[in-house]
Amino acid sequence: MVNIRQPSTFLGTSERNMRLRRPPVASAPMRMSSLFLRTLRDDPADAEVESHRLLVRAGYIRRVSAGIYSWLPLGYRVLRKVEQIVREEMDAAGAQEVLLSIVQPLELWDRSGRDKAYGPVMFRLHDRKETGYCLSPTAEELVTSIVAQEYGSYRDLPVTLYQINWKYRDELRPRFGLLRGREFLMKDAYSFDVDLDAFRASYRQMYDAYQRVFERCALTFRAVEADSGEMGGSESREFMAVAAVGEDDFVWCPNCEYAANVEAARRGAGADPTAGAGEQPPTEEVHTPDVPGIAGVADLLKVEPNTLLKSIMFDVDGKLGLAIVPGDREVNELALAAALAPRPVRLYGDDDFTAHPELPKGYVGPHYSGASVVVADPMVRSGSAWVTGANRVDHHARNMVLGRDFAVDVWADIVSVVRGDPCPRCGEPLSIDRGIEVGHVFNLGTKFSEALDARYTDEKGEQHPMVMGCYGIGVSRVVAAVAEEYHDEHGLAWPAALAPYAVHLIAVPGRGEQAASVTAEAERVYEELRGRGIDVLFDDRDVSPGVKFADADLVGMPVQLVVGAKGVGRGVIERKVRATGARDELPLRDVSDPRVP
RNA sequence: CGGGGAGUGGCGCAGUGGUAGCGCACCAGCUUUGGGAGCUGGCGGUCGGGGGUUCAAAUCCCCCCUCCCCGACCA
């Protein structure tokens, strides 16, 4: 079993009591007159998404190079808040923190075969002896080699190690500021277990910890079933922050718990639209010049796209295969690959069509004689008289009947799921949303433990590879995802758990004879709040009130307190909750805790 | 990698052959002070780099670099 250690059981009773009795430590001072911050009035020209635009405008980050950013004081405080939440939850789940080198010898990557697999995505460098290294895009190899060195017995296991460290991927196209960078802060954890059952317990611990992390970060998120890609394994969940700018689509069921990345999603059986409605009229060939596309053919023949069959060509073991789906549907490449596994599948591209000029591209039908295998989605069963390509340029065939005019070798769910498709669990219509992938937990199996000799000896003296799990959180990406969710037209509006400062104190002394006393009151409130351990950002600058208010809205602390001539005369401080705009007043002489709950 | 676009002061931009300008920001002074103030005066740029054409190049030509967008690709 995985060892659970709650922080509270960790401390002795006397130590715990001491902590409880200790008075709050004064928060670090921060006056805006000395804060390293420059806000911009103009939007940066290269920012496409709100998180990028606002984090730059508000002086949280600055671009260094494509996909690489420096973190300025306010931004770094947010990053550290996320980091700390992750650290606390990882520790509570029994994981142990390490710090692995970012510079890793390529030899290590050679052993797992991922040197080639990663290819140009890895930043590569050489030392003076021409030994090859890379900047770590992830750390399975290194952590596995370390565990292999140190541990070798079933008595050692389980163990889960994690780090929060910079990762480097030379993305083809970095974009959206922090959302897809070439340098990003990632928490990566790796579990090592004796077998699959033990792994599942470790996995569950991490999964639960992830739920707590994203809840604490105030993100609206869903854990969705994911395809684990080359890694394999059934346990695989992506944590998606719901956001319109997300790069991944996922489906979810409003009625049950089902949720999955569109790539991994499958549809349930439903009342599918049919072609022909049971009739089986004789096949006829029709002339359809210059309309290789589904929409064009449907238009020309005055039929619905879903009465056509789409025949998608792909390569399997060097031979041609056909994937057959209704005309209004797309083929899910991963589902197709799964249907033919372990044979590798690749959809035909331009090069393939150039290499095979004999293919009547756009006019191929499911009865094409050159196909070595025909894979069809069960939706094809529901129709009886389809329109398909006639395997002759500029011709389509009407009334194509399954079993009579064409045959299917493999039946598999290969259509991409769309909104409204029946849920595979409960049959209710599915919804689709876009998300930012902020976390991923999955089973690594024994791929790395075998490649890097992470084995243990069991009770009987037999050796087995350790079963591994991998758990990632995009820490810097979480900052951007939260900024996407929490902002308005005036600027950022941080949730309390991540805000650089809890309170933004604004002095508005004016120029009247009360100015000195207003300033004095503001100073007093500042010191008092700091003394209580509350993080306060104090705008003591000698600038106009409008500048202060605009900057306060832009940088987005959860609560703004205004000490001004208006309020001081009446013995009050004005408070504004940034997120809601709600305003109220607090007694100037008793601002014990102005933070929002 | 394919297509498109752009590199001019910290940020946003104008400037199509005659020796570089505007707004914001920054500095100084005066005025102003409850939602990004006004006036005056300043600092700051080898116009991405190299080569070429020309009496003269930010501007025209060639090469290179960087960045942005679309696509392809993708843990």
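Side-chain atoms are counted along with the backbone in the values below, which use heavy atoms only and exclude waters and symmetry mates. Lettering of chains follows the sequences in order, A, B, ..., and the numbering in each one begins at 1.
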Whether [Y] and [X] form a salt bridge (side-chain N of Lys/Arg under 4.0 Å from carboxylate O of Asp/Glu) is what I want to check.
{"X": "A/D115", "Y": "A/R124", "value": "yes"}
{"X": "A/R266", "Y": "A/D413", "value": "no"}
{"X": "A/R169", "Y": "A/E183", "value": "no"}
{"X": "A/E140", "Y": "A/R114", "value": "yes"}
{"X": "A/D188", "Y": "A/K167", "value": "yes"}
{"X": "A/R111", "Y": "A/E141", "value": "no"}
{"X": "A/E247", "Y": "A/R180", "value": "yes"}

Calculate the interatomic distance between [X] atom [atom1] and [N] atom [atom2]; express it in whole Å.
{"X": "A/L179", "N": "B/C74", "atom1": "CG", "atom2": "P", "value": "21 Å"}
{"X": "A/L40", "N": "B/C13", "atom1": "CG", "atom2": "C1'", "value": "15 Å"}
{"X": "A/R182", "N": "B/C74", "atom1": "CZ", "atom2": "P", "value": "20 Å"}
{"X": "A/L172", "N": "B/C68", "atom1": "CG", "atom2": "P", "value": "13 Å"}
{"X": "A/D539", "N": "B/G35", "atom1": "CG", "atom2": "C1'", "value": "13 Å"}
{"X": "A/I61", "N": "B/C11", "atom1": "CD1", "atom2": "P", "value": "14 Å"}
{"X": "A/R62", "N": "B/G12", "atom1": "CZ", "atom2": "P", "value": "10 Å"}
{"X": "A/L72", "N": "B/C11", "atom1": "CG", "atom2": "P", "value": "13 Å"}

Indicate whether OP1 or OP2 belonging to [N] is found under 4.0 Å from a side-chain N or O atom of [X].
{"X": "A/S65", "N": "B/C67", "result": "yes"}
{"X": "A/T138", "N": "B/A75", "result": "no"}
{"X": "A/R41", "N": "B/A25", "result": "yes"}
{"X": "A/R173", "N": "B/C69", "result": "yes"}

Inter- and intrachain pairs under ring-ring contact (aromatic ring centres under 6.0 Å, His included), touching residues 536-561 of chain A, at least two apart: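 Qualifying pairs, neighbours excluded: A/Y526-A/F538.
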Member of A/F239, A/Y471, A/F442 meeting the ring-ring contact (aromatic ring centres under 6.0 Å, His included) criterion with A/Y207: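 Between A/Y207 and the candidates, ring-ring contact (aromatic ring centres under 6.0 Å, His included) is satisfied uniquely by A/F239.
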[N] to [M] separation - [atom1] atoms, rounded to the nearest Å:
{"N": "B/G44", "M": "B/A28", "atom1": "P", "result": "16 Å"}
{"N": "B/U8", "M": "B/C22", "atom1": "C1'", "result": "12 Å"}
{"N": "B/A57", "M": "B/G48", "atom1": "C1'", "result": "16 Å"}
{"N": "B/C63", "M": "B/U46", "atom1": "P", "result": "27 Å"}
{"N": "B/C43", "M": "B/A58", "atom1": "C1'", "result": "23 Å"}
{"N": "B/G7", "M": "B/C13", "atom1": "C1'", "result": "13 Å"}
{"N": "B/C27", "M": "B/G9", "atom1": "C1'", "result": "15 Å"}
{"N": "B/A20", "M": "B/U59", "atom1": "P", "result": "14 Å"}

Looking at the side chain of [X], which of [options] is the nearest nucleotide?
{"X": "A/R38", "options": "B/C67, B/C74, B/C26", "value": "B/C26"}
{"X": "A/A66", "options": "B/G34, B/G36, B/C68", "value": "B/C68"}
{"X": "A/Y118", "options": "B/G34, B/A75, B/A72", "value": "B/A75"}
{"X": "A/D46", "options": "B/G34, B/G23, B/C68", "value": "B/C68"}
{"X": "A/E48", "options": "B/C67, B/C70, B/G12", "value": "B/C70"}
{"X": "A/E437", "options": "B/C70, B/A75, B/G36", "value": "B/A75"}
{"X": "A/K576", "options": "B/A75, B/A37, B/G35", "value": "B/G35"}

At less than 3.5 Å, do the side-chain atoms of [X] and the base atoms of [N] form a donor-acceptor pair?
{"X": "A/R169", "N": "B/A75", "result": "yes"}
{"X": "A/R583", "N": "B/G35", "result": "yes"}
{"X": "A/D553", "N": "B/G35", "result": "yes"}

Under 4.0 Å between any heavy atoms, over every strand shown, what does [X] touch: base, sugar-phosphate, or nothing? Just pick one.
{"X": "A/A565", "answer": "base"}
{"X": "A/R63", "answer": "sugar-phosphate"}
{"X": "A/G564", "answer": "base"}
{"X": "A/V562", "answer": "base"}
{"X": "A/R180", "answer": "base"}

Base-pairing assignment for [N] (Watson-Crick or G-U wobble, both under 3.5 Å):
{"N": "B/A6", "result": "B/U66"}
{"N": "B/U46", "result": "none"}
{"N": "B/G21", "result": "B/C13"}
{"N": "B/C1", "result": "B/G71"}
{"N": "B/U53", "result": "none"}
{"N": "B/G41", "result": "B/C27"}

Given RNA chain B, 5'-ward residue of the pair A/D43 and A/V508, judged by closest heavy atom: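 By nearest-heavy-atom nucleotide position, the 5'-most residue is A/D43.
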Residue closer to the 5' end of RNA chain B, A/P174 versus A/K566 (nearest nucleotide):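 Upstream on the strand: A/K566.
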Ring geometry between A/W494 and A/Y60 (parallel below 30°, tilted from 30 to 60°, perpendicular above 60°):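 Geometry flag for A/W494 against A/Y60: tilted rings.
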Ring geometry between A/F123 and A/Y168 (parallel below 30°, tilted from 30 to 60°, perpendicular above 60°):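 Geometry flag for A/F123 against A/Y168: perpendicular rings.
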Residues touching RNA chain B, which here means a heavy atom under 4.0 Å, drawn from residues 468-488 of chain A: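 RNA chain B contact set from residues 468-488 of chain A: A/R477.
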